[in-house]
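Taking it in order: structure first as structure tokens, then the write-up.
Throughout, a chain's letter reflects where its sequence line sits, starting with A, and its residues are numbered from 1. Here the structure is a predicted model, which is why all the values come from computation and not from measurement.
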Amino acid sequence: MSEFAKIEKKWQKKWSKDHVFEANPDSKKKFFLTVPYPYVNGSLHIGHGRTYTVGDLLARYKRMRGFNVLFPMASHMTGTPVQGMVDRIKAGDKMAIEQYKRDLRLYFKTEEEVDAQLMKFTDAWKTAAFFAKVIHQDFDALGYSIDWRRHFTTGDPIYNEFITWQYHKFMDKGYLKQGNYPLLYCPKDQNPVGEDDLLEGTSAKVKEFTAIKWPFEDGFLVAATLRPETIFGVTNMWIHPDKEYVWAEVDGEKWIVSKPACEKLRLQAKDVKTLESFSGSRIIGKTFRAIHDSHEIPILPAEFVDVNNATGVVYSVPGHAPFDYIALLDLQEDPSGLDKYGISPEAVRGIDIISMIDIKGYSEYPAKDAVEKRGINSQNEDEKLEDATQEIYKAEFYEGVMKDNCAQFSGRPIRDVKEEVIEWMKSINRVDVFYEPDQRPVVCKCGADVQVGVFAGQWFLDYESPGWKDKAWEALNEMDIVPELFRNLFESTFNWLTQRPCARKRGVGTKLPFDEEWIIESLSDSTIYMAFYTIAHHLTKNKIRPKQLIMNFFDYVFLGKGTAKKVVEESGISEELLKIMRDEFKYWYPNDQRHTAPSHISNHLSFAIFHHVAIFPKKDWIQCISLNEHMNMEGGKMSKSKGNTIPLVEIPDKYGADVFRTYVVSAAEPASIMDWRERDVPAVRNRLRQFSDIMRKYSKYTPEVPSKKAKRSEITKWALSRVNSIVRDCTEYLESFRIRDYAITAMHEMIRIVNHYQNRTEVPKEELESTMAYICDKWVRMLAPMIPHLCEEYWSKMGHEDYVSLAEWPRLDKALIDLAAERAHVVVESTISDIREILKLKRDKQHKTVHIYVAPSWMFEAMNSIRDADLPMIVGDIMKHLMSKDEFRKHGKEVKNIVDRIAKENGLWDHSTTAKDEISMLRDSSNYISKELGLKVEVHKAEDAKYDPQSKARFSLPGRVSLYLE
RNA sequence: GCGGAGGUUGCCAAGCCUGGUCAAAGGCGUAGGACUUAGGAUCCUAUUCAGUAGUGAUUCGCGAGUUCAAAUCUCGCCCUCCGCACCA
């Protein structure tokens, strides 16, 4: 058990007992912070901890800044994952059971208990409830300042009512639509499949081909392609001679496609009737007609045709497709097998390759170039051909221009014309769409090959509905995104967001009110729930039943529509309670800051913005989104299956909550991926120990409120100044979400300062103690957001009866910031390091004394004068400036030295204000210097140095003393 | 492919927006010292190279450019990582 664990448990108990983080509306300024609720189908790991910890740090900081902070949490359980796992457990799936057991062992000691708990996972709710409970405990154990009264799960009936209301709103706006939509689909299960359902090809997506309908006999030969613009270069059709093709009636037309393709068309919401089945050879030798000019084109045999890919019908563009080029070449060279199809060798040899795309750096036939470049000799060299195809596709798409044999598209760039060609063919009924998975194989867990299914009647949200995007853009443009660099991810998401299914036919969730076969899917039911937090605790406490949550209830509470009286009649909820809820919503909303990981930008966060603008008035839109990246484990990606994760539940005991919190805010900037490195953890722990040691030592003293006039050592002035500078900096860091800078400054920099200060023996004991007590008071407040447990402990040791969690953020005592003292300190330190450097080089000689020569007064005046003049760093100007003044001109030659030095150093350096200050400060510090170096220290004025055997005094400059060692 | 992020001194990681004060914060590691002799605790110092005086030289993926001045700005190139839709 970690050494901090006892302290942590103690304060967690107290916080909970005193309801410290339960926030209710009051007269203070409010701050409503949310972090997305966790998905409760398993235990969380250390990576989740980063985001929640940052969220908690922000909440705690804001609280100390005097805000009434609401930081709530709920549990997400809708969708397929929980249900899926339960189903698999019930079905006896060994992998699923083992995975759950692994999670359960974290919470139970014996295998019996684990098994007993597993037995209880008979439905999604019981499973979710268990993990919701343990995650709550885990969060508490990390010191998160959450108001748990407002907890709910997305499977709760009252939450379903809320989502029902949300979708009624979308329906009213006309944003909710129904239509055809392609999805990966398992023909055996007769269900759409998601990543979790797949055995192989988990990253597969739906790829859309253009199916071109080439006129043939009384119907069409249907060829699927990604390059519809190449229809102008067609020279022939490729059909596999030995495979089965069909004549089918498809939506009332006669199509020829391969047999497997015909099956696929059925899944793709086509009305398909197979008329006749035949071998490919039957149509080889016949001709079909071109799209653009109806000339007759031959059908030739090709064994490279894969009837399982797309339609199994391939139109050939040898000028621009390497596969076609090499296949045609093969036939022309050896036409011997063709006579059985009634094709004469002359006919094949007579086929002219058509060049239809002009592209720089290639000949008339780019396909030929690419094939020859790779030395490809046969159509069997798949890999090389694939590579050549990629090259040509890319080059032609970006740089190609249609030649003048391309009808109305002549002279146009390919990239512009592609869509237009499709549109044109659509207008003359020559195209359709054909879907395929973008990779093979894709296999369902049931073992079946996955196909693309087009769902008729799929419900989706149409993000391109008139006006919706405009409003969302408005919200985004006015929203703070921190770090700002993530904004463009939102922008690109907004740009490509079109239609998106929002319901499926399985899983846990809210039934779509208009079509109860459908269940609202889990990304679509978690977008405006921040509003639900504002009233959730009232609903549970007052045992409001789902039935009472009628649409008018939400209209009233969230939108202020209608009257409480009317809602009372319909819902039976008391007017008083209604008003309380309405007021509470009004108080907390909008959500001031939503904090999460950037991976949610492309879906959840964008939806949250869209859904807010759809439902709420502008004043209730999300104000700010902040983000931190995910976490890696020892340089590698973390994943449960790899087993390289650390469960959240183990953190407090293994490391300590405060250690973890410190690590997680200080190891990387929010915008970069953090690496968890076990061997760095002890360093963090040691810092906290040092902090504890110092606190333990000085918390018993009374901090004297130091007035500016108080007489004190130079080094005390320095320490007081530094501490206040740090308070100022840390405040700024936290305000601008630079939490790492905050952590490093408030922890490392402070420790360094305190150590240095304690080492300065010249400070009288009482002065040191009261100064240290003053510093500790600032310090304990400053670190409270990051390491709240330790800070509570020492806060109470300081004699406070209240909580540091609720204390005031350290006040900045501006008057104690003493730049002169800080600069002087820099001079001393740089003097020491200069002396060290000399000692290092003169190691052979024993030195006893160091003579320090401080520059003459007029030089300080000269430096100050340059500073005050705020001149650009141009030698001539500075020279002119100084020489214009008599008091400096008389030192002409030396003035030049100063200016040369300034030029060399590219600016002014730190120095004391006057020679007198510098001397007195160095004399004050001479004990310290002496102790550091083991030398006797003598400080001289340069202009009348009593002792200067090597006449070093003349080299001195303000802040750059000259030295003589003997 | 589309979109995005990034390559910094042994490792991790700041700095880059707002050029100079940057041989470049901080941590880890390593070395020396202090405390001392129990500590994998703490403190100090050092850690590109050269140098018998506080200095100089060469560095921030590669190459070029702008500038009095570039890790920082511009252009080109190489490499790595991430998201891409129905999936939380």
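- A69(B) and U52(B): their P atoms are spaced 32 Å apart (whole Å).
- Of the candidate nucleotides C43(B), G27(B), A53(B), G27(B) has the atom nearest to the side chain of Arg752(A).
- In this model, the phosphate group of A88(B) is approached by a side-chain N or O of Arg504(A) to a distance below 4.0 Å at OP1 or OP2.
- Closest to the Gln690(A) side chain, of the nucleotides A14(B), C43(B), G4(B), is C43(B).
- Taking side-chain N and O atoms only, Asn759(A) has no distance below 4.0 Å to OP1 or OP2 of C43(B).
- Base-pair partner of U47(B): G29(B) (Watson-Crick or G-U wobble, both distances under 3.5 Å).
- Look at G39(B): it lacks any Watson-Crick or wobble partner with both distances under 3.5 angstrom.
- Taking atom P on both C75(B) and G10(B), the two are 29 Å apart, rounded to the nearest angstrom.
- Each of A5(B), A14(B), A88(B) was ranked by its minimum atom distance to the side chain of Leu485(A); first place goes to A5(B).
- Residues Phe610(A) and Phe494(A) bring their aromatic ring centres within 6.0 Å.
- Counting to the nearest Å, the C1' atom of C12(B) and the CE atom of Met674(A) are 12 Å from each other.
- Listed nucleotides: A88(B), A53(B), C87(B). Nearest to the side chain of Tyr39(A): A88(B).
- Toward the 5' end of RNA chain B, the nearer of the two residues Thr831(A) and Asp693(A), judged by each one's closest nucleotide, is Asp693(A).
- The gap from the P atom of C17(B) to that of C11(B) amounts to 25 Å, rounded to the nearest Å.
- Contact check, Ser522(A) against A88(B): a side-chain N or O comes under 4.0 Å of OP1 or OP2.
- Nucleotide G27(B) holds its C1' atom 8 Å from the CZ atom of Arg740(A), rounded to whole Å.
- A41(B) and C35(B) have their C1' atoms separated by 11 Å, given to the nearest Å.
- Across the strands present, C22(B) finds no partner; the criterion is a Watson-Crick or G-U wobble pair with both atom distances under 3.5 angstrom.
- Side-chain contact, Ser524(A) with Glu521(A): a donor N or O sits under 3.5 Å from an acceptor N or O.
- G6(B) and C73(B) are spaced 11 Å apart, taking the P atom of each and rounding to whole Å.
- In this structure, the CZ atom of Arg689(A) is 12 Å from the P atom of G40(B), given to the nearest Å.
- Of the candidate nucleotides A53(B), A14(B), U42(B), A53(B) has the atom nearest to the side chain of Leu965(A).
- Nearest nucleotide to the side chain of Glu837(A), out of C43(B), G51(B), G15(B): G51(B).
- Between Phe131(A) and Tyr39(A), the ring centre distance reaches or exceeds 6.0 Å.
- A ring-centre distance under 6.0 Å is found for Trp676(A) and Tyr655(A).
- For the pair Lys505(A) and Trp518(A), the cation sits on the ring face: its NZ or CZ lies under 6.0 Å from the ring centre, inside 45° of the axis.
- Atom CG of Asn632(A) is separated from atom C1' of C82(B) by 11 Å (rounded to the nearest Å).
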Open item on the list: If you apply the rule ring-ring contact (aromatic ring centres under 6.0 Å, His included), what do you find for Phe660(A) with Tyr663(A), and how did you get there?
Closed with: CA-CA 5 Å; Phe660(A) 174 72; Tyr663(A) 188 103; 7.8 Å; no
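- Listed nucleotides C11(B), C43(B), A53(B) differ in distance to Arg677(A); the shortest reach to its side chain belongs to C11(B).
- As rounded to whole Å, 7 Å separates atom C1' of C43(B) from atom CG of Asn755(A).
- Between Asn488(A) and G4(B), a side-chain N or O to OP1/OP2 separation shorter than 4.0 Å is absent.
- In this structure, Arg687(A) reaches the G27(B) phosphate: one of its side-chain N or O atoms is under 4.0 Å from OP1 or OP2.
- In this structure, the ring of His756(A) has its center less than 6.0 angstrom from the ring center of Tyr928(A).
- Residue whose closest nucleotide on RNA chain B sits further toward the 5' end, between Asn603(A) and Arg679(A): Arg679(A).
- In this structure, Glu629(A) places its CD atom 8 Å from C1' of A5(B), rounding to the nearest Å.
- Searching all strands for a Watson-Crick or G-U wobble partner of C81(B) with both distances below 3.5 Å returns G4(B).
- Going from the P atom of C82(B) to that of G39(B) covers 45 Å, rounded to whole Å.
- Under 4.0 angstrom from either OP1 or OP2 of A25(B) there lies no side-chain N or O belonging to Thr745(A).
- Set against C28(B), G26(B), A41(B), the side chain of Ile744(A) has G26(B) as its closest nucleotide.
- The shortest distance between the side-chain N/O atoms of Thr80(A) and the OP1/OP2 oxygens of A88(B) is below 4.0 Å.
- Summarising the base pairing, C73(B) is matched to G65(B) through a Watson-Crick or G-U wobble pair whose two defining distances lie under 3.5 Å.
- Using P as the reference atom, G15(B) and U9(B) are 15 Å apart when rounded to the nearest Å.
- Comparing the C1' positions of G63(B) and A46(B) gives a spacing of 36 Å, expressed to the nearest Å.
- Spacing between atom CZ of Arg836(A) and atom P of G54(B) amounts to 18 Å, rounded to whole angstrom units.
- Applying the side-chain hydrogen bond (donor to acceptor under 3.5 Å, both in side chains) test between Glu966(A) and each of Gln950(A), His851(A), Lys848(A) identifies His851(A) as the sole match.
- Following rounding to the nearest Å, Glu669(A) (CD) and C12(B) (P) show an atom-to-atom distance of 16 Å.
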